Amino acid sequence: MDNKFLSKKGALSELLKALRDVSAADRPKVGARANEAKTKLEAALVAKRDGFENEALASRLEKERVDFTLPARRAPVGSLHPVTKITAEIVAIFRRLGFELAEGPEIETEFNNFDALNMREDHPARDMQDTFYVQSEKGGRLLRTHTSPVQIRSMLAKKKPPVRILCPGAVFRSDYDMTHSPMFHQVEGLYVDRDVSFAELRGALLFFAREMFGAQTQIRLRPSYFPFVEPGAEVDVTCVLCKGKGCRVCKDTGWLEILGGGMVHPKVFEAVGYGTGENPEPVTGFAFGMGVERIAMLKYGVPDLRLLFENDVRFLKQFGV
Ligand code: PHE
């Protein structure tokens, strides 16, 4: 932008040029005035420019104002799946009774999943309709239908009692409806030593039931059949909703079935070589297995198994961290 007063062709230059025409006597005085005017103008210009700059800065600071008192944006926090939570709770309870964590693969041999557990070739669970078989060069592989093969693995690995293990894990059955999913979770327990009794099984399960469902909980053992235990039992707890009075959830019985268990069958010990050969000492033991989803449904009052598999965050969020 052209400067009307201070540029080369501005009013001030013209004035200074005109000094030539002023008489020698007057020149110093006029010159001094002209310089004075120049200084003033320049000062005024600087002052104005500074003023504009300050204004611009002030308005920018105003516009870009940052409120340091605003709360920080929170990182989204996930929550544990109810099945994960219940599994951890079950494990924690049995750890206090001295059970150690054990693991086994989801793809199993027929031997570990069935034969060694006294489930012979003609057992209905071995039917293709119930079991997912997988192609394998080694032959006879399947997706484990329960966590019980980990009993076999643990005893074979330990070679010698005592064995006191707990195994949580996914299991698979060709089943799908309101209360069955083709994949679900179980926790297996096994305790083998000299003179392990049925009373100890009951004691361990009562302790578990009370830790899981509350101190007033009672348990009931009903005779039942599993090929790998003898005697075998299904175990009920007093209904979590009506506390035993009878309601819709327990179908007016006051009881809810939560697991199966029993004393390890001699055929199972035979299959892993306990009580013979290198380990001639007689052993006894108990085993139990429970469905994690079922316990989660009972504990949290989840009406439909499928809610546990749909992964709708609105549902999952309710279970907290
Ligand atoms: N494996 C059995 C099932 O899946 C449960 C069970 C385990 C029963 C151990 C007795 C002893 O139904």
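One-based numbering, in listed order, for ligands and for the atoms of each. Computed from a predicted model, the values in this text were never measured in an experiment.
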Worksheet entry | F286 side chain reached by E200 side chain, heavy atoms, under 4.5 Å | yes

Worksheet item: Are there more than 12 heavy atoms of other residues, nucleotides or ligands under 6.0 Å from atom CD of E103?
Response: no

Discussion item. Applying the ring pair (Phe, Tyr, Trp, His ring centres under 6.0 Å) criterion to F288, which one of F208, F94, Y191 satisfies it?
Written reply: F94

Fill in: Neighbouring residues of ligand 1, heavy-atom cut-off under 4.0 Å
H146, S148, Q151, R173, Q186, E188, F226, F228, V229, G260, G261, A287, F288, G289

Discussion item. Looking at R294 and E257, is any side-chain nitrogen of the basic one under 4.0 Å from a carboxylate oxygen of the acidic one?
Written reply: no

Practice prompt. Considering non-hydrogen atoms only, spot the tightest contact between K158 and Y274 and give its length.
Written response: CB-OH, 4.0 Å

Worksheet item: Would L97 and F207 count as a side chain to side chain contact (heavy atoms under 4.5 Å, CB included) if you check the C-alpha gap in whole Å, the side-chain angles of each, and the deciding distance to 0.1 Å?
Response: CA-CA 9 Å; L97 294 179; F207 176 76; 3.6 Å; yes

